[in-house]
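The structure under discussion appears below in the form of structure tokens.
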Amino acid sequence: MSDNKSTGSDLTEAALFFHQHPRPGKLEIQATKPLGNQRDLALAYSPGVAAPCEEIAKDPAKAADYTARANLVGVISNGTAVLGLGAIGPLASKPVMEGKAVLFKKFAGIDVFDIEVDELDVDRFVDAVAVLEPTFGGINLEDIKAPECFQIEAKLRERMNIPVFHDDQHGTAIIVGAAVRNGLELAGKKMSEAKVVASGAGAAALACLNMLVSLGVKRENIWISDIEGVVYEGREALMDEWKSKFAQKTDKRTLSEIIEGADVFLGLSAAGVLKPEMVATMGKGPLILALANPRPEIMPEDAQAVRSDVVMCTGRSDYPNQVNNVLCFPYIFRGALDVGATSINEEMKHAAVEAIAELAKEEPSDVAARAYGGATETFGPKYLIPSPFDQRLILRIAPAVAKAAMATGVATRPIEDFDAYLDRLNRFVFRSGLIMKPIIQAAGQDAKRIIYAEGEDERVLRAAQVLLEDKVAIPVLVGRPDVLQSRCERFGLKIRPGTDFEYINPQDDPRYRDYVDDYFACVGRKGMPPDAARTVVRTNSTVIAALAVRRGDADAVICGLEGRFIRHLRDIRQIIGLRDGVRDLSALSLLINSSGAIFLSDTFVSEEPTAEELAEMAALAAEEIHCFGIEPKVALLSLSNFGSRDTASSRKMRDALEILWERCPNLEVDGEMHGDSALNEMLRKRVMPDSRLKGEANLLLFPNLDAANIALNLLKVATSALHVGPILLGTAKPAHILTPSVTSRGVVNMSALASVEAQKKAGA
């Protein structure tokens, strides 16, 4: 593979393209009400809009009922301390602020306006933000340098009657607090006795130290070193009132002097600051939080080389115990907004610390274990804090913060029914659009060999580079080496055949005769003479790829980027075959859009499935959906709504339902029903109050292929959905037939899924 410089260049180009296309930026504004006729317009604007205006004028609290304010946060910066970029200014900080907005929306369903303020004076900046209070339900200050960030937050909290939260300080502090709490507990140490040494004294570091003090660490046991050395009493260089609180009366001046005997090292400074020889002098079972990015103060392997008892946290996703602000800030705001909190106080922050720390100790749920390939970590040195993508975070943190707000009297709209509240949060988890994350993570735990029939296709080559960089799968390409080489060069890819990935050359491969023999064994009694078999193995790349999987030269096959689906299906059926006990193959499609995700079946294979086949494909689809960490909710669709019409297709769906109820008693399934009844529980209850299906269905089964495929393509275009699939179900080994319209991103997604399926097959 190429060097880091080349990798960085590739990432830069990809990031610039990502931000520019298909339209610049990462955000847009969408209407939440229909505006389909004159009456809608009259209600949305003049004259209808006068009614909510008058109600809010009489009672300002009504703004939460009639506007988006209660779910709207302002992400505000002046660009003086952006990521690792420094003081690049407000305009250059806008991509970061848009990124923060995306995280709020994706993780917690919170809407955001990002506001970049061109102002360095503290009071003028505060004035500019404070007058925006009528617009927002909360303010998230971002990337503002210290010490101004302390002054700005304090003044805004005093002036504004909505939550003001500087995430760089408090988000990091909350996660660090949870990690230190659990780390010391694991080591059998007490907070009150722990020695903490910090490298760095910026906003995040000082907030973390203040949090640790509030959790029980004694101020006299905290030592700081920054670019001027140890923070000591009497020091004048780079000192301020916030840093001075931690000044020690000492003649020690370097990090190496104060680190001796330390129980906790907190790094929010620069790469390489903590040396292995310093780690060697730390106390028994030391906890190191090396949070500089992209390279921490010390790499985990370097620390563990000198201390086998060290426990590590970093800010990186490729090591255990990632300290990432996304672990908490969306959910803290979610809980605060949902009770109309006037501030985010210390009790609410402590509630978040406790929720995060306790979640790490919970037994992994069955859903989480399935989602992460059955390899979910349990509480210990490699799992002090939850994964940033643990779906349970919103279910633990938001209610805890909401309850703390209510208990401390800052909630203006207390939650009366927490069971109903948890149900709403549960529904959001599925709609969050992060459905592929557990699949990608599980695939990376044990990357499998995926063979691509159309290896010379640009989309496959681009996907292969991503898969190799992210260690999601090991690509094997069917293609001519000279063509693969030239196309990699033409497309500006750094990967090369024979060096970075394996390939099968259909024109000259030493396994050719063995492949022919295996193919003839599959089709020799199905009208395929030996001469024809030899020709097919030279010319049909899907046959070659399927044979590679059959023989064990690869773990899964992906094909279908060229040619008709039915032709590829024939080859897969003949060579890979059916899984034991399965009647026939079926295809499951996943659509992901801004509203969430939904599965549809059978979208590509069975023209007129019988009731038995429908029941089987529902069971297979439910099994596959579990791979995503989702509990399937199945609706059997029909023109009949619970017996309203008596047709052959509606009777078939009823029969399928009876079979499923008998064979899969734990599966949440009902039917036959209309599509709107499947997706709207209120409509469903009107005709079937005791339906076994609760909430929104996430798996829709259709009576025939026409209905399923038409619905798939209409929904895909109408909702601008990302199509993951088709996911071929029922094969003896993982095999998927994509469509010619698939993108390289689609190839990556399906490769990750195929890798996870291959893992499960290997472990069966």
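Because only heavy atoms are used, hydrogens play no part in the values below, and waters and symmetry mates are left out as well, while side chains stay in.
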Has K382 got a side-chain atom pairing as donor or acceptor with N321's backbone, closer than 3.5 angstrom? no
Quick one: CD1 on I394 to CZ on F107, what's the gap to the nearest 0.5 Å? 10.5 Å
Which heavy-atom pair separates A108 from P330 by the least distance, and what is that distance? CB-O, 3.4 Å
Can we say D226 and K243 salt-bridge, meaning some charged N sits less than 4.0 Å from an Asp/Glu carboxylate O? yes
Contact between P163 and T342 at the side-chain level, heavy atoms closer than 4.5 Å - yes or no? no
Which value, rounded to the nearest 0.5 Å, describes the distance between L425 atom CG and I397 atom CD1? 11.5 Å
The test is side chain to side chain donor-acceptor pair (under 3.5 Å); show your working for N71 and R334 and say whether it passes. CA-CA 8 Å; N71 194 52; R334 181 73 279 159; 2.8 Å; yes
Check: D263 side chain, K195 main-chain N or O, donor-acceptor pair, under 3.5 Å: yes
With side-chain contact (heavy atoms from CB on, under 4.5 Å) as the test, would you mind laying out the steps for E233 and Q248 before giving the verdict? CA-CA 6 Å; E233 289 185 6; Q248 293 277 12; over 6 Å; no
Using the rule given for side chain to side chain donor-acceptor pair (under 3.5 Å), can you reason through S269 versus E297, listing the C-alpha separation, both sets of side-chain angles and the distance that settles it, and then say yes or no? CA-CA 7 Å; S269 51; E297 284 78 4; 3.0 Å; yes
Locate the shortest heavy-atom distance separating V197 from A262; write the atom from each residue and the value. CG2-CB, 3.7 Å
State, with a plain yes or no, whether a side-chain heavy atom of N324 is found less than 4.5 Å away from one of I175. no
In V176, V180, L384, the residue satisfying side chain to side chain contact (heavy atoms under 4.5 Å, CB included) with C313 is L384
Are there over 12 heavy-atom neighbours, none belonging to L120, within less than 6.0 Å of that residue's CG? no
Please work out which of the three classes, parallel, tilted or perpendicular, describes the rings of F329 and F104, given edges at 30° and 60°. perpendicular
Does R124 come within less than 4.0 Å of E119, counting only side-chain N to carboxylate O? yes
Between R235 (side chain) and G229 (backbone), is there a donor-acceptor pair under 3.5 Å? yes
Within this structure, what is the OG-CD distance for the pair S387 and Q441, rounded to the nearest 0.5 Å? 5.0 Å
Test item: L266 and S199 side chains (from C-beta on) under 4.5 Å apart, heavy atoms: no
Which pair of non-hydrogen atoms, one from R181 and one from M191, has the smallest distance, and what is that distance? CA-CE, 3.5 Å
After noting the C-alpha distance and the side-chain angles of I332 and M348, does the key distance pass the side-chain contact (heavy atoms from CB on, under 4.5 Å) rule? CA-CA 8 Å; I332 291 172; M348 294 160 74; 5.8 Å; no
State, with a plain yes or no, whether a side-chain heavy atom of V96 is found less than 4.5 Å away from one of D143. yes
Do R219's NZ or CZ and the ring of F246 fall within the cation-pi criteria of under 6.0 Å and 45°? yes
Can you check whether L206's main-chain N or O pairs, donor with acceptor, with N210's side chain at less than 3.5 Å? yes
Run the side chain to side chain donor-acceptor pair (under 3.5 Å) test on T254 and E257 for me, step by step, so that the C-alpha distance in whole Å, both residues' side-chain angles and the decisive distance to 0.1 Å come before the verdict. CA-CA 5 Å; T254 65; E257 292 177 282; 3.0 Å; yes
Check ion pair D114-K100 (N to O, under 4.0 angstrom): no
If you apply the rule side chain to side chain donor-acceptor pair (under 3.5 Å), what do you find for N140 with D167, and how did you get there? CA-CA 7 Å; N140 183 91; D167 181 50; 5.3 Å; no
Is a side-chain donor or acceptor of E469 paired with a backbone partner of V466 at a separation under 3.5 angstrom? no
Salt bridge present between E358 and K361 (N-O < 4.0 angstrom): yes
Minimal non-hydrogen separation, P388 against L327, with atom names: CA-CD2, 3.9 Å
Evaluate the salt bridge (charged side-chain N to carboxylate O under 4.0 Å, His left out) criterion for residues E346 and K349: first the C-alpha distance (whole Å), next the side-chain angles of each, then the deciding distance (0.1 Å), finally the verdict. CA-CA 5 Å; E346 290 305 307; K349 296 174 194 173; 2.9 Å; yes
Quick check for you: to the nearest 0.5 Å, what is the distance between D118 atom CG and N78 atom CG? 8.5 Å
P286 backbone acceptor or donor facing R307 side chain under 3.5 Å: no
Can a salt bridge be assigned to the pair D127 and R159 using a cut-off of 4.0 Å between side-chain N and carboxylate O? yes
Between the side chain of K275 and the main-chain N/O of G272, is any donor-acceptor distance below 3.5 Å? yes
Please walk me through it: do V213 and K218 pass side-chain contact (heavy atoms from CB on, under 4.5 Å)? CA-CA 6 Å; V213 169; K218 293 182 178 179; over 6 Å; no
How many angstroms lie between CZ in F165 and SG in C328, if you round to the nearest 0.5 Å? 5.5 Å
Please confirm whether the backbone N or O of G285 pairs with a side-chain atom of D309, one donor and one acceptor, at under 3.5 Å? yes
Between I115 and F136, is the side-chain contact (heavy atoms from CB on, under 4.5 Å) condition met? List the steps. CA-CA 12 Å; I115 297 179; F136 297 108; 3.6 Å; yes
Under the 3.5 angstrom rule, does the side chain of E116 hit a backbone N or O of I76 as a donor-acceptor pair? no
Nearest 0.5 Å, what's the CE-CG distance between M211 and L215? 6.0 Å
Is there a donor-acceptor pair closer than 3.5 Å between any side-chain N or O of S192 and the backbone N or O of G216? no
Can you see which heavy atom on M299 is nearest to which on R316, and at what distance? CE-NH1, 4.0 Å
